[in-house]
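Working notes, structure below.
Everything quoted here is computed from the prediction, not taken from an experiment.
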Amino acid sequence: MSQTVTDFEVHDIRFPTSEQLDGSDAMNPDPDYSAAYVVLRTDVQGRTGGPDSGSGGIEGHGFCFTIGRGNEVMAAAIDALRPYLVGRPAPRTAADLAALHRELTHDSQLRWLGPEKGVMHMAAGAVVNAAWDLAARLAGRPVWEFLAGMTPEELVSLVDFRYLSDALTPDEALAILRAAEPGRAGRAERLRAEGYPAYTTSPGWLGYSDDKLVRLAKEAVADGFTQIKLKVGGSLHDDVRRLALAREAVGPDIRIAVDANQRWDVTDAVEWMTALAPYDPHWIEEPTSPDDILGHAAVRAGQPVKVATGEHVANRVVFKQLLQAGAVDFVQIDAARVAGVNENLAILLLAAKYGVPVCPHAGGVGLCELVQHLSMFDYVAVSGSWDNRVIEYVDHLHEHFADPTVIEAGRYTAPSSPGFSARMLPESIAAHRYPEGVVWRARRTEEANR
């Protein structure tokens with residue numbers, strides 16, 4: 001049976017979320033949540049009756065998340081990686097996926113555009129994640145299970161340790177994974193039975209009214225969430241009022257995290273969080289530039305609220321320095337910001353080495369669907385714990401995916417379908433493809449008639 005990647009499709013998919021201010025924060029007031037989306041097609045036949053059955057072959061799906069303008073740049077960067085996949089064997093094993101990751105991130109001419117950061121690095125991540133989706137589908141397992149079924153030696157082989165060995169060596173990584181190995185089966189069963197802890201940002205967008213904030217915060221608690229998150233950074237007076245309202249709405253026992261989305265200088269962050277501290281924020285997320293390691297350390301030392309960051313951290317090297325500097329209390333990986341599963345595995349191992357819990361960034365388009373697999377794998381095979389760990393959840397756009405995230409009683413249900421939960425419905429792709437999809441044609445017509 002032939003096992004070849006035969007085609008490579010890239011789509012510019014955008015959703016007009018700015019119309020309702022969903023996703024709005026102090027730095028991004030009008031986001032249109034978007035995905036530069038890639039499909040790897042193969043001539044490997046699927047199982048009869050399965051999602052890949054029929055005349056076509058098994059597919060791999062991946063994407064980068066953006067917030068609108070520039071998504072076409074992201075799509076072009078992904079398309080530049082076409083020669084690394086088309087006509088080549090479909091990846092199946094840890095060795096295949098390690099080799100692909102290294103090829104994509106070590107191409108000397110493309111790497112020059114970073115190096116290992118920015119649009120080209122994110123594009124590599126989209127393709128790497130699509131390859132993981134494909135490999136897991138070929139194995140008939142969800143990605144979290146596919147990863148957790150690998151040996152410690154296979155997992156270590158996936159990681160690029162260049163620039164990390166002063167903080168984490170392959171032998172140290174192997175020791176972490178071997179220490180977690182005996183309890184894997186029991187934790188996997190518990191995960192399937194109980195799900196993984198979640199928190200919700202849905203009440204807290206900066207553009208929402210006070211009434212909407214209070215209503216959604218109360219609904220979140222009623223739905224079983226034990227943590228919510230509010231966006232801050234527009235006005236200190238407004239933030240004090242909103243946080244007071246949220247605290248009154250949810251009571252003293254529900255955690256409220258706050259997120260400044262990189263809005264502040266270090267001095268502003270310290271002053272702002274000192275003023276918000278009486279309302280017991282669980283963490284301050286992205287208080288300053290994601291590149292400023294020493295700035296995060298200063299914010300952490302200068303006020304009483306714990307510090308979280310990571311959704312805009314460019315690569316494993318910056319995560320390494322944040323941990324070395326004692327600059328963060330929570331590591332927030334993003335499934336589509338760094339170079340895919342392989343680099344996120346490196347970050348999970350770094351966090352385990354330094355004993356810092358990982359609480360991923362999600363929301364967006366499909367980020368909840370992706371990152372749940374990484375946290376669940378971390379619980380089963382790396383950290384062995386979900387104590388003080390939660391995955392972000394935002395309740396929108398899940399209806400566009402074939403295997404959407406399922407939340408029950410404030411917890412992520414463990415995915416059981418093969419793959420990375422990344423497959424967007426064909427009708428959603430067609431309707432939201434930019435600029436020719438029906439949603440965008442209708443929007444232009446409406447604007448022209450005003």
Side-chain angles (χ1 to χ4, degrees), residues 93-94 97-98 128-129 132-133 135-159 168 170 172-199 310 330-335 338 340-362 367-393 403 405-422:
T93 66
L97 293 158
V128 166
N129 285 344
W132 277 93
D133 181 55
R137 286 181 179 278
L138 290 168
R141 305 175 79 179
V143 160
W144 73 266
E145 224 177 68
F146 182 54
L147 264 169
M150 292 181 177
T151 67
E153 291 78 11
E154 287 175 315
L155 292 169
V156 169
S157 76
L158 293 165
V159 174
L168 179 72
E172 288 175 320
L174 194 59
I176 290 168
L177 293 164
R178 284 176 175 167
E181 195 173 19
R184 282 188 188 184
R187 287 190 294 274
E189 283 306 307
R190 187 181 180 195
L191 180 63
R192 294 186 189 98
E194 299 182 26
Y196 195 100
Y199 77 91
F330 301 96
V331 164
Q332 294 180 303
I333 59 172
D334 183 287
V338 300
V341 169
N342 301 60
E343 191 164 22
N344 269 313
L345 172 56
I347 298 161
L348 290 172
L349 287 164
L350 281 164
K353 161 76 182 291
Y354 283 85
V356 176
V358 176
C359 298
H361 168 247
L367 296 182
C368 296
E369 279 68 24
L370 292 186
V371 83
Q372 62 183 335
H373 290 269
L374 301 178
S375 279
M376 291 176 187
F377 159 70
D378 176 64
Y379 169 63
V380 172
V382 184
S383 70
S385 174
W386 58 37
D387 293 344
N388 218 21
R389 291 164 168 83
V390 279
I391 307 171
E392 185 174 21
Y393 175 70
D403 299 305
T405 290
V406 176
I407 297 288
E408 293 183 357
R411 300 175 78 91
Y412 276 80
T413 300
S416 57
S417 297
F420 212 172
S421 308

Quick check against the 3.5 Å criterion: does [X] have a side-chain atom that pairs as donor or acceptor with the backbone of [Y]?
X      : Y      : result
Asn388 : Pro357 : no
Asn129 : Ala335 : yes
Arg192 : Ala414 : no
Asn342 : Leu158 : yes
Asn344 : Val338 : no
Glu343 : Gly340 : no

**Message:** Going by side-chain contact (heavy atoms from CB on, under 4.5 Å), Val331 matches just one of Leu348, Leu350, Val358. Which one?
**Reply:**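 Looking at Leu348, Leu350, Val358, the match for Val331 under the side-chain contact (heavy atoms from CB on, under 4.5 Å) is Val358.
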
Minimal non-hydrogen separation, [X] against [Y], with atom names:
X      : Y      : answer
Arg141 : Gly149 : NH1-CA, 4.2 Å
Val380 : Arg187 : O-NH2, 2.8 Å
Gln372 : Ile391 : CA-CD1, 3.9 Å
Ser157 : Ala94  : OG-CB, 4.4 Å
Trp144 : Ala188 : CZ3-CB, 4.2 Å
Ala136 : Pro142 : CB-C, 4.4 Å

Heavy-atom distance under 4.5 Å between the side chains of [X] and [Y], does that happen here?
X      : Y      : value
Leu97  : Phe146 : yes
Phe420 : Asp403 : no
Val406 : Tyr412 : no
Leu349 : Val382 : yes
Glu153 : Leu174 : yes
Glu392 : Pro360 : no
Ser383 : Arg389 : yes
Tyr379 : Arg190 : yes

**Prompt:** Does CD in Glu408 sit with more than 12 non-hydrogen atoms of other residues, nucleotides or ligands closer than 6.0 Å?
**Reply:** no

Value rounded to 0.5 Å, distance of [atom1] in [X] from [atom2] in [Y]:
X      : Y      : atom1 : atom2 : answer
Glu369 : Thr405 : CD    : OG1   : 3.5 Å
Leu155 : Ile176 : CG    : CD1   : 12.0 Å
Leu191 : Glu145 : CG    : CD    : 9.5 Å
Cys359 : Phe330 : SG    : CZ    : 5.5 Å
Leu345 : Asp378 : CG    : CG    : 9.5 Å

**Message:** Would Arg411 and Trp386 count as a cation-pi pair here, with the cationic atom under 6.0 angstrom from the ring centre and within 45° of the axis?
**Reply:**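 Here Arg411 passes the 6.0 Å and 45° test against Trp386.
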
**Asked** Would you call Glu189 and Arg184 a salt bridge, taking side-chain N to carboxylate O under 4.0 Å as the test?
**Response**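 Judged by the 4.0 Å cut-off on N to carboxylate O distance, Glu189 and Arg184 do not form a salt bridge.
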
**Request:** Start with the C-alpha distance between Val371 and Leu367, add both sets of side-chain angles, then the distance that settles side chain to side chain contact (heavy atoms under 4.5 Å, CB included), and finish with yes or no.
**Result:** CA-CA 6 Å; Val371 83; Leu367 296 182; 5.7 Å; no

**Message:** Apply side chain to side chain contact (heavy atoms under 4.5 Å, CB included) to residues Leu147 and Val143 and explain how you reach the verdict.
**Reply:** CA-CA 6 Å; Leu147 264 169; Val143 160; 4.2 Å; yes

